[in-house]
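This one's a predicted model, so the numbers in the text were calculated from it and none came from an experiment.
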Amino acid sequence: MGTSHWFPRPSLPLMGETMSTDSTAVVTNLPAPVAAARPRLNRVAVILAFLSIYLIWGSTYLAIRYAVETIPPLYTAGLRHLIAGSILLAWCLAKRLRPTWSQVRASLIIGFFFFLIGHGTLHWAEQKVPSGLASLLIASEPIWVFLLSAAAARRWRLNGALLSGILLGFGGVGLLMGRSALNSGPGVFVGSLAVVLGALSWSVGIVYSRRSHLSGHPLLLSALSLLAGSFQLLLIGTAVGEYRGFTLASVSLRSWLALGYLILFGSVVAFTAYNWLLEHYSPTLVATHTYVNPIVAVLLGWLFAREAVTLNVLLSTVMVIGAVMLVDRGMARLQQSS
């Protein structure tokens, strides 16, 4: 949750690979199940699981906005990941899983790119940036992942769908930055730049995780990265003075509820549903949440936070989601031809 995988497929990133706002976004991409061996599943459970990754992960952007109203942003992200990582680590220890030093070292790097820079900038920016706008800027991340992966491999392979997706995605981001961000009040443009920086950082982390070839149990790797990121967030948050003037008594009920929602639903519930779906359905089907989450975020921001949904925002939504779908299709074609 959202979600970089340690062993991602080369096609469109799943939730962990997009800068998911869920705290367990470093879960590995499980292999697609064999159809003949798939057990008969409860239809209600399947529907609820898909609704979890569609709606809960889409709603985390609004929850972040509410949480950072009265909790310092880096502390908010740090607490989220500390609790979620501790839950996962306890689970791993109960399974008698133990980390290696190479896994610990890699988790420090992953924690820096994913959580300190990636989520740190997002939480900081949402003090000013509308949640719907932030979700749309982050939704373009698969484009950055493709470009950075190609640059790292020094191998550029394009087709019509990929090129169209890249151009359409940049057009959508440019439209958001050029009109929605500039015309939305003081601090929104700078905050939007911070969100884009966070998306780039998350993408760098994805490329690093792909090229590091680190092996290990996905839950353990996720727990280590979450904890490493949380310590960095809390340390930097303290260093920049977020503790000044901050008391638990100053936190509003809405911020406490939003933080609890991010931990319980955004991390535990949606992550469990996501992992379960990957065990029973193809990664491509599960990845459809990538298209739905920004729509949910924009609608919830409009309904509950009175965020403006202008024609510009609607057009940008269509452009960005269409771009992600084109990049996904283009990557799939490259994979088939290789």
Flag yes if more than 12 heavy atoms outside Trp302 fall under 6.0 Å of its CH2 atom; otherwise flag no. no
Are any non-hydrogen side-chain atoms of Leu257 and Tyr66 less than 4.5 angstrom apart? no
Taking Gln232 for its side chain and Leu108 for its backbone only, find out whether a donor-acceptor pair lies under 3.5 Å. yes
Hey, is the main chain of Val251 close enough, under 3.5 Å, to the side chain of Ser255 for a donor-acceptor pair? no
Can a side-chain donor-acceptor contact be found between Tyr274 and Ser52 if the only test is distance below 3.5 angstrom? no
Any side-chain heavy-atom pair of Ser250 and Thr247 under 4.5 Å: yes
Same cluster or not: are Leu303 and Val309 linked, directly or through other Ile, Leu, Val, Met, Phe, Trp or Tyr residues, by side-chain heavy atoms under 4.5 angstrom apart? yes
How far does CG of Leu277 sit from CD1 of Ile53, to the nearest 0.5 angstrom? 5.0 Å
Taking all non-hydrogen atoms of both residues into account, name the closest pair between Leu334 and Arg157 and its distance. CD1-O, 3.4 Å
Applying side chain to side chain contact (heavy atoms under 4.5 Å, CB included), run through Thr121 and Val195 and close with a yes or a no. CA-CA 6 Å; Thr121 54; Val195 174; over 6 Å; no
Might you confirm whether atom CH2 of Trp101 has over 12 heavy atoms from other residues, nucleotides or ligands at distances under 6.0 Å? no
Check whether Ile143 and Leu315 end up in the same hydrophobic cluster, where Ile, Leu, Val, Met, Phe, Trp and Tyr are linked by side-chain heavy atoms less than 4.5 Å apart. no
Begin from the C-alpha positions of Val327 and Arg329 and carry the test side chain to side chain contact (heavy atoms under 4.5 Å, CB included) through to its verdict. CA-CA 5 Å; Val327 169; Arg329 181 175 299 180; over 6 Å; no
With distance as the sole test, does Ser209 use its side chain to make a donor-acceptor pair with the main-chain N or O of Ile206 at under 3.5 Å? yes
dist Thr290:OG1 -> Trp57:CH2 (nearest 0.5 Å) comes out at 9.0 Å
Under a 4.5 Å cut-off applied to non-hydrogen side-chain atoms, are Ile64 and His119 in contact? no
From OG (Ser140) to CD1 (Ile166), nearest 0.5 Å: 12.0 Å
Contact check, side chains of Val313 and Leu133, non-hydrogen atoms, under 4.5 Å: no
Do Ser86 and Leu227 make a side-chain contact, defined as non-hydrogen atoms from C-beta onward lying under 4.5 Å apart? yes
Phe115 and His81: aromatic ring centres closer than 6.0 Å? yes
Ser149 OG to Trp144 CH2 distance, which is reported to the nearest 0.5 Å: 13.5 Å
Determine yes or no for a side-chain-to-main-chain donor-acceptor pair under 3.5 angstrom, with Ser230 supplying the side chain and Ile83 the backbone. no
Applying side chain to side chain contact (heavy atoms under 4.5 Å, CB included) to Leu326 and Leu162, what does each step give before you reach the verdict? CA-CA 6 Å; Leu326 285 170; Leu162 261 174; over 6 Å; no
Shared hydrophobic cluster, Phe231 / Leu220 (ILVMFWY, side-chain heavy atoms < 4.5 Å): yes
About how many Å separate CH2 of Trp202 and CD of Glu141, when rounded to the nearest 0.5 Å? 7.5 Å
Does some side-chain heavy atom of Tyr281 sit less than 4.5 Å from a side-chain heavy atom of Val46? yes
Flag, side chain of Ser59 to backbone of Ile56, donor-acceptor distance under 3.5 Å: yes
Around Arg306, counting heavy atoms of other residues, nucleotides and ligands shown, do more than 12 lie under 6.0 Å from its CZ? no
For Asn159 and Gly330, work out which heavy atoms get closest and say how close. ND2-O, 3.0 Å
So if you build clusters from Ile, Leu, Val, Met, Phe, Trp, Tyr with side-chain heavy-atom gaps below 4.5 Å, do Leu224 and Leu93 land together? yes
Val286 vs Trp276, side chain to side chain contact (heavy atoms under 4.5 Å, CB included): CA-CA, chis, key distance, verdict: CA-CA 10 Å; Val286 181; Trp276 182 77; over 6 Å; no
Would you say that Phe50 contacts His289 through its side chain, given a criterion of any heavy-atom pair below 4.5 Å between the two side chains? no
Where do Leu62 and Ala305 come nearest, in terms of heavy atoms and distance? CD1-CB, 3.8 Å
Given side chains that start at C-beta, do those of Val298 and Ser135 come closer than 4.5 Å, heavy atoms only? yes
Taking every heavy atom of Gly172 against every heavy atom of Ser316, the minimum-distance pair comes out as O-OG, 3.9 Å
Testing the basics here: between Thr76 and Ala67, what is the closest heavy-atom pair and its distance to 0.1 Å? CG2-CB, 3.8 Å
Distance only, no hydrogens: is a donor on one side chain within 3.5 Å (strictly under) of an acceptor on the other, for Asn293 and Tyr61? no
Verify the cluster assignment for Tyr243 and Leu235: are they in a single hydrophobic cluster under the rule of side-chain heavy atoms below 4.5 Å apart? no
Closest heavy-atom contact between Leu136 and Pro294? CD2-CB, 3.9 Å
Find the distance between CG (Leu74) and OG1 (Thr238) and round it off to the nearest 0.5 Å. 9.0 Å
Exactly one of His123, Gln127, Glu307 clears side chain to side chain donor-acceptor pair (under 3.5 Å) with Arg65, and that residue is Glu307
